[in-house]
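A short worksheet on the structure shown next.
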Protein chains: 2
Amino acid sequence: EEPVVRAVTIDSDVVKVVLKNVPDKPGVAARIMRTLSQNEINIDMIIQSMREGKYNSIAFIMPSSELENLDTELLKERSQAQEVIIEKDISKVSVVGVNLTSTPKIAAAIFETLANEGINIDMISASNSRISVIISKESANEAVKAIHSRFDLDLR
Amino acid sequence: EEPVVRAVTIDSDVVKVVLKNVPDKPGVAARIMRTLSQNEINIDMIIQSMREGKYNSIAFIMPSSELENLDTELLKERSQAQEVIIEKDISKVSVVGVNLTSTPKIAAAIFETLANEGINIDMISASNSRISVIISKESANEAVKAIHSRFDLDLR
Ligand SMILES: C[C@@H](O)[C@H](N)C(=O)O
Ligand SMILES: C[C@@H](O)[C@H](N)C(=O)O
């Protein structure tokens, strides 16, 4: 029941790939992952939020080093995305623990810590055991230091 | 290195709350979580995908039973959301395991299993250890049975 913040990790060697406005119907997400597996891309995170009309957008985070293996034309064709956007200026910061969202004051404290550094949160994927945020590369070190100090953690 | 699918869980007693088009600047996500903690709402998941211009939308999943404690007016005011949308016809299905996304063929297989049942995936929050999808309530049982059988799992 008590929330616990255990560790904060950072990964700056990642890129964000957004498949913008894919048809929101069964089979699309599957086809996208199938295409990525054919390119042998390792995926770190997948985020798909709410639809806009008949479309939805799917974003995934992958290692920068694998970008050369990504066949964006094929991905666009298979997913029927209107656009494939690649954002390289990103960092992924993850806070690992227990009851991180069921105790919303903990998520609040994590987000406030970032806000206090003037860091804008670009994406969020949060569950009880892990809160991952995507922020800019240049904010990453400050973010980790600030969370480290706010929750009295060891940097890993 | 080898992917493992360990279990599939289902929660149909949840609702989705979407804060549509909040200003995309530092402090907004923090203020939202702080407001939710004041209402003593237990949050199950938070998903925020890519921005649209100066705005972004934040969605969270919470227990249906706590909806009566949610002060949507206050939330709208504090977040400056253009709209607060509540969707009750949802179910959350989670697949738990190892290397679920770094081995994209596993994520592909999970999504294909749903697509084969004609189930549309409304939201995705996926990491290596957990793939969570939001689908309709009526699809939930079929989804869990199909994933169960595809990966030879015990239902929990
Ligand atoms: C957008 C994508 O997730 C689609 N709804 C699917 O089910 O595959
Ligand atoms: C939209 C919201 O996440 C905002 N970018 C923030 O940092 O709080």
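Heavy-atom neighbours of Tyr55(A) OH from other residues, nucleotides or ligands within 6.0 Å: at or below the threshold of 12. For Glu52(A), the CD atom sits in a loose shell: 12 or fewer heavy atoms of surrounding residues, nucleotides or ligands are nearer than 6.0 Å.
Note on Val8(B): it clusters hydrophobically with Phe151(B), by side-chain heavy-atom contacts below 4.5 Å among ILVMFWY residues. With hydrophobic clusters built from ILVMFWY side chains whose heavy atoms lie under 4.5 angstrom apart, Val15(B) does not share a cluster with Met50(A). Ile61(B) and Phe111(A) fall into different hydrophobic clusters, where Ile, Leu, Val, Met, Phe, Trp and Tyr are joined by side-chain heavy atoms under 4.5 Å apart, directly or via other members. Each of Leu67(B) and Val14(B) belongs to its own hydrophobic cluster when Ile, Leu, Val, Met, Phe, Trp and Tyr are linked at side-chain heavy-atom distances under 4.5 angstrom. One hydrophobic cluster holds both Ile147(B) and Val144(B) under the rule that ILVMFWY side chains link at heavy-atom gaps under 4.5 Å.
How far NZ of Lys20(A) is from OG of Ser49(B): 9.5 Å, rounded to the nearest 0.5 Å.
Of all residues spanning residues 115-140 of chain B, those with a heavy atom less than 4.5 Å away from chain A's heavy atoms are Ala115(B), Gly118(B), Ile119(B), Asn120(B), Ile121(B), Asp122(B), Met123(B), Ile124(B), Ser125(B), Ala126(B), Ser127(B), Asn128(B), arranged by number. Contacts of residues 24-48 of chain A with chain B at a heavy-atom distance below 4.5 Å involve Asp24(A), Lys25(A), Pro26(A), Gly27(A), Ala29(A), Ala30(A), Met33(A), Arg34(A), Leu36(A), Ser37(A), Ile41(A), Asn42(A), Ile43(A), Asp44(A), Met45(A), Ile46(A), Ile47(A), Gln48(A), listed in sequence order. Interface residues of residues 87-105 of chain B toward chain A, defined by a heavy-atom distance below 4.5 Å and sorted by number: Thr101(B), Ser102(B), Pro104(B), Lys105(B).
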Please tabulate, for side-chain N and O atoms in residues 68-75 of chain B, each donor-acceptor pair with protein atoms closer than 3.5 Å (sequence neighbours left out).
from	atom 1	to	atom 2	distance (Å)
Asp71(B)	OD1	Glu73(B)	N	3.4
Asp71(B)	OD1	Leu74(B)	N	3.0

